[in-house]
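Let me begin by handing over the structure; questions about it come next.
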2 protein chains.
Amino acid sequence: MAVTIQDVARLAGVNSSTVSRVINGKATITDETKAKVYAAMQELDYHPNSLARSLASGSSGAIGVIVDARDAEAFANEFFSRSLFAIEKEAQARGYHVIIANGAQSRGETIENLMKEHKVDGLILPPTTVRPALMKTIGQFPYVVLGTPDTMRSEACWVDNNNEQGAELAVKHLLERGYLKIAYLGGREKRGFTKRRVRGYEKNAGGQRMVLPTDGTAEEACTVAREILSAADHPDGFVCNDNLAAFGLLKACRSCGLRIPDDIGIVAFDNYPLAEYTDPPLTIVDIDTAMLGEQTAQLLFRRIKDSRIGNQQIMLSATLVARASTERVANV
Amino acid sequence: MAVTIQDVARLAGVNSSTVSRVINGKATITDETKAKVYAAMQELDYHPNSLARSLASGSSGAIGVIVDARDAEAFANEFFSRSLFAIEKEAQARGYHVIIANGAQSRGETIENLMKEHKVDGLILPPTTVRPALMKTIGQFPYVVLGTPDTMRSEACWVDNNNEQGAELAVKHLLERGYLKIAYLGGREKRGFTKRRVRGYEKNAGGQRMVLPTDGTAEEACTVAREILSAADHPDGFVCNDNLAAFGLLKACRSCGLRIPDDIGIVAFDNYPLAEYTDPPLTIVDIDTAMLGEQTAQLLFRRIKDSRIGNQQIMLSATLVARASTERVANV
DNA sequence: ACTGATTGTGCAAGCGGTTGCACGACATGG
DNA sequence: CCATGTCGTGCAACCGCTTGCACAATCAGT
């Protein structure tokens, strides 16, 4: 049916192995022969069958990106999408394909299959999948975790942004701007990255600790915030775990008649395009998701190429982008 | 190195072809033999090499999803992400993998390679890739366009939501609520889906036509809206091309001292989680992206299974979700 | 009991490439 | 001028699985 390497060889008057070598540049070939082969390929519109090539060469030419998504939200979140974009870019530059797979429903099965059935040469995993059981089977295989795993933190191979340091930036900024009583709003407290952000918050909040976890929705953030803000000595500064929490908080402030940034200061995590279009625009802790994806992919490809490269941990730092939601003149 | 089908066959005391048949259920096999084979597979922790399997069987077991993204935004947009989630779900249910690839930089090359190198059994394409040249090569191959192509609209195979009807809903809703002068804000007018939305707007706006295209950013929407709103007889109803436009418009209204929904009514396209958390919450035209992805994937798999299934066009309808941004009592 | 259909399994030829080994041709050095 | 290298290409095995064909064994029908 399709045109094979044999057809090309026949037309070019050489052996198929020569054609293979021309394609892969794996040996010294006369310019004359090369020309004949190229001409034949052109004429027949030859495209090597990547399946056959993979089988013979032992590498699939693809990497797998596992997502842990029970619902569409995780797929849709900016963090994942933007990282994925960067990952795909790195992969394409190296002639690799990206297979995405949802690992949520199938506890590890998907991941192991991708690996054991030779479908991918390497894997990018979400932190939740890092468990001793899985690591035992996957340990020898090229993988990188995108995020900090809760367990096996110092053994696993991962790339993450520094959530703890990000939260520190946020708290310091609020204090500098003259806010006195700082709370942390949003996020499921059990989640790894929330825990680390909370830790960064605690370290710098000067002994105070007011952590207000939610179920992750804007709605609950609003409810929780409203309750807190109705108390007499409510906080005047908030670090929000994400944009949803910030939106809920904004709504709560409106309904309580509190003004931002005069009465309340707000810093939110994540660089969300719309965070600049709230009223007022939100000061944010910027997570460079593109860089994150890029670094993760680069590390993975390094490990695919050279299996001796051991596990390493890369921590990228976050930066603060000040906007109007904390624009209070200090110590008024 | 890895355990092969031969190893299993040897241990089970049968021929490798029997093992193959057991795995694929392609023939009648004694229960006894089956049991032996399963036991051997278990004992050796056998995983069939999908590469070899694909080569022999002629199908890769993967579908490709092409994204047309110059920047990360397209990847990050809800539309794409949520559809992708649904597509992956359908694929996983059928034992297929999903390969994503950015087709933006490489005009068609990526797409053709995916197909011609037998890397995928089918493709989901963005509307922008539908060109006669590409269709000539891809026409015989199972594909579905996610969105309405501008050219070859009636020949190509696609699934889309009804943007025209969605815009009609929006305009009718505004008129019913007593808004009189309706404008369309946002979107690059050249883009296919924007064009169709504008058409739906025009049909129902009762002869008036005020279309305000932008470069797609919230910033420009804000600038454009501010200018329009400063005129004496400015519009009192807006259909926004997306949430970014709506956010820009909200900001413009604030700065002009116009109140929503009393002075201005707003309907925005797309079901964005935060659209409920603006001030006031936005009335939206809900595009069911999950359904869109699902239908697209299902159609693709039907075509993969049965190559005689011709090109078809599926149009899903949009629904309106009324919220406070249009909550004006009619004819006050 | 004999023939023909059915069932269960083995054999071996692919699927379309890659790659170690071999070998002839030509260049180089003593 | 012969021994020794290097270069360019062909040969054939192999990657691990699928599948058409063959064949022995079992079963049903008359």
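Just so we're on the same page: letters track the sequence lines, and every chain starts at 1. No hydrogens, no waters, no symmetry mates; every other heavy atom, side chains included, goes into these values. Not measured: the values here are computed from a predicted model.
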From the list C:dG17, D:dA12, C:dG8, which nucleotide is the closest neighbour of the side chain of A:Pro48? C:dG17

Taking every non-hydrogen atom, the tightest pair across B:Val145 and B:Val130: CG2-CG2, 3.5 Å

Between A:Asn24 and C:dT18, does any side-chain N or O lie under 4.0 Å from OP1 or OP2? yes

By nearest-nucleotide position on DNA chain C, the 5'-leaning member of B:Thr18 and B:Ala52 is B:Thr18

Which is true for B:Val19 with a 4.0 Å heavy-atom rule: it touches a base, it touches only sugar-phosphate, or it touches nothing? nothing

Would one find a side-chain N or O of A:Thr30 under 4.0 angstrom from OP1 or OP2 of D:dC7? no

Picking from C:dG17, D:dC17, C:dG8, the nucleotide nearest the side-chain atoms of B:Ile5 would be D:dC17

About how many Å separate CD1 of B:Ile287 and CG of B:Leu316, when rounded to the nearest 0.5 Å? 9.5 Å

Looking across every strand, which nucleic acid part, if any, lies under 4.0 Å from B:Leu55 by heavy atom: base, sugar-phosphate, or nothing? base

It should be established whether B:Asn49 places a side-chain nitrogen or oxygen under 4.0 Å from OP1 or OP2 of nucleotide D:dC17. no

N/O (side chain, B:Thr28) to phosphate O (OP1/OP2, C:dG8) under 4.0 Å: yes

Answer yes or no: does a side-chain N or O of A:Lys26 lie under 4.0 Å from OP1 or OP2 of C:dT18? no

A:Ser17 near the nucleic acid: base, sugar-phosphate alone, or nothing, with a heavy-atom cut-off under 4.0 Å? base

Counting the atoms with a prime plus P, OP1 and OP2 as sugar-phosphate, which does A:Ser20 contact under 4.0 Å by heavy atoms, base, sugar-phosphate, or nothing? base

Residue closer to the 5' end of DNA chain C, B:Ala56 versus B:Ser16 (nearest nucleotide): B:Ser16

Between B:His47 and B:Arg21, which has a closest nucleotide on DNA chain D that is more 5'? B:His47

